[in-house]
Amino acid sequence: MDLALLEQRLNDRAQPRYRAAQVWEWAARGTAGYEEMTNVPAALRSALADEVPFSTLEVAAQSEARDGTVKTLFRTHDGHSVEAVLMRYRDGRRSICVSSQSGCPLTCTFCATGAMRFGRNLTASEILDQALHFRRIEALDHCVFMGMGEPMLNLDGVLEAARRLPDLGITHRRTTISTVGWLPGLTRFVDEVEEPIRLALSLHAPEDALRSGLMPVNERYPLAEVLAECRRYFALRRRKVFVEYVMLAGVNDRVEQARQLAELLDRRVFKVNLIPYNPTGAFEGSSRRAIDAFKSVLDRAGVPATVRLTRGRDIEAACGQLAASRDAAAA
Ligand code: SF4
């Protein structure tokens, strides 16, 4: 729902100030449409239905994986494709992964989104509408900004959306914003965000040469500068930084590289998430054995590390697989 347009239309009708909050509360609770908002006058409900679309996004396609993961392809009013994912875990957690941009300008070599044409930054309402779509399916408790796009390139939109997530039942402590190390946005995030929103760094290599080969952003903002900013976040906020490390066979998964990584990361500050890679063309994923060997090095060095559960692989909803390519081509 375009919240600025909603306010404007309510002002045009000289509605009381609380009305926008009332409508938002209904939407955030997973209401399916204006008609269910019983404490809003009926005439106003029907006027709003005509003038303020209930969502800024249209659902273009939706699929469900064998493990219950749901991937939705949305279309913006101006034809851009956006994907988001709902992950269902056995312990009952319901986590969504939302996009901050349509496509991404940063072209990381292992990422399907990076290979897609960049569209534009999404508005805060377009980001929230991804979450609201899943909220209408079921109650949610976690959100990661790890879908399409680099959140720090669209920090205002991302923060405006993130700040409203508690109304949907997703607390700040269960909200994570991820970055590949876009320093201007990261610095602002560290300085300005006082809510306990979590920070994740997509690292993927323990040294600059390899990282620059995988992620061109590293040439602009090298590892040392990015890690220094993460340490500053920890010093100011006392919250650990999650390090995402996608496991690429023969590229970044050797035991020596695990040692390099352990040396790079202060165990008090960082927690590593090893991500089994979902092939998108250019690379092979590491074997389970290689992942286990890599993790043991980190374990021995005392660097907290886990291996991420892969969700939704059969519907290309897993990490690095969001591309909307076929559908974008058809748009
Ligand atoms: S990994 Fe993230 S920053 Fe890199 S191309 Fe993909 S979406 Fe963009």
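Hydrogens, waters and symmetry mates are skipped; everything else that's a heavy atom, side chains included, is used. Both counts, for ligands and for their atoms, begin at 1 and track the order of listing.
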Task: Residue of the set Arg120, Gln101, His77 for which side-chain hydrogen bond (donor to acceptor under 3.5 Å, both in side chains) holds with Glu126 - done: Arg120
Task: N/O/S atom of Cys108 inside 2.8 Å of atom 4 (Fe) of ligand 1, strictly under - done: yes
Task: Contact atoms of ligand 1, heavy-atom distance to Thr107 under 4.0 Å - done: 5 (S)
Could you find the nearest protein heavy atom to [atom] and give me its residue, atom name and distance?
atom                    : value
atom 7 (S) of ligand 1  : Gly149 N, 3.5 Å
atom 6 (Fe) of ligand 1 : Cys111 SG, 2.3 Å
atom 8 (Fe) of ligand 1 : Cys104 SG, 2.2 Å

TODO: Any chance you could measure Ser55, atom OG, to Leu128, atom CG, to the nearest 0.5 Å?
DONE: 10.0 Å
Open item on the list: Tell me if a side-chain donor or acceptor on Asn252 pairs with a main-chain N or O of His204 at a distance below 3.5 Å.
Closed with: yes
Open item on the list: Just by distance, no angles: are the side chains of Glu244 and Ser178 close enough, under 3.5 Å, to form a donor-acceptor pair?
Closed with: no
Open item on the list: Tell me whether the NZ or CZ atom of Arg237 lies within the 45° cone about the ring axis of Tyr233 and under 6.0 Å from its centre.
Closed with: no
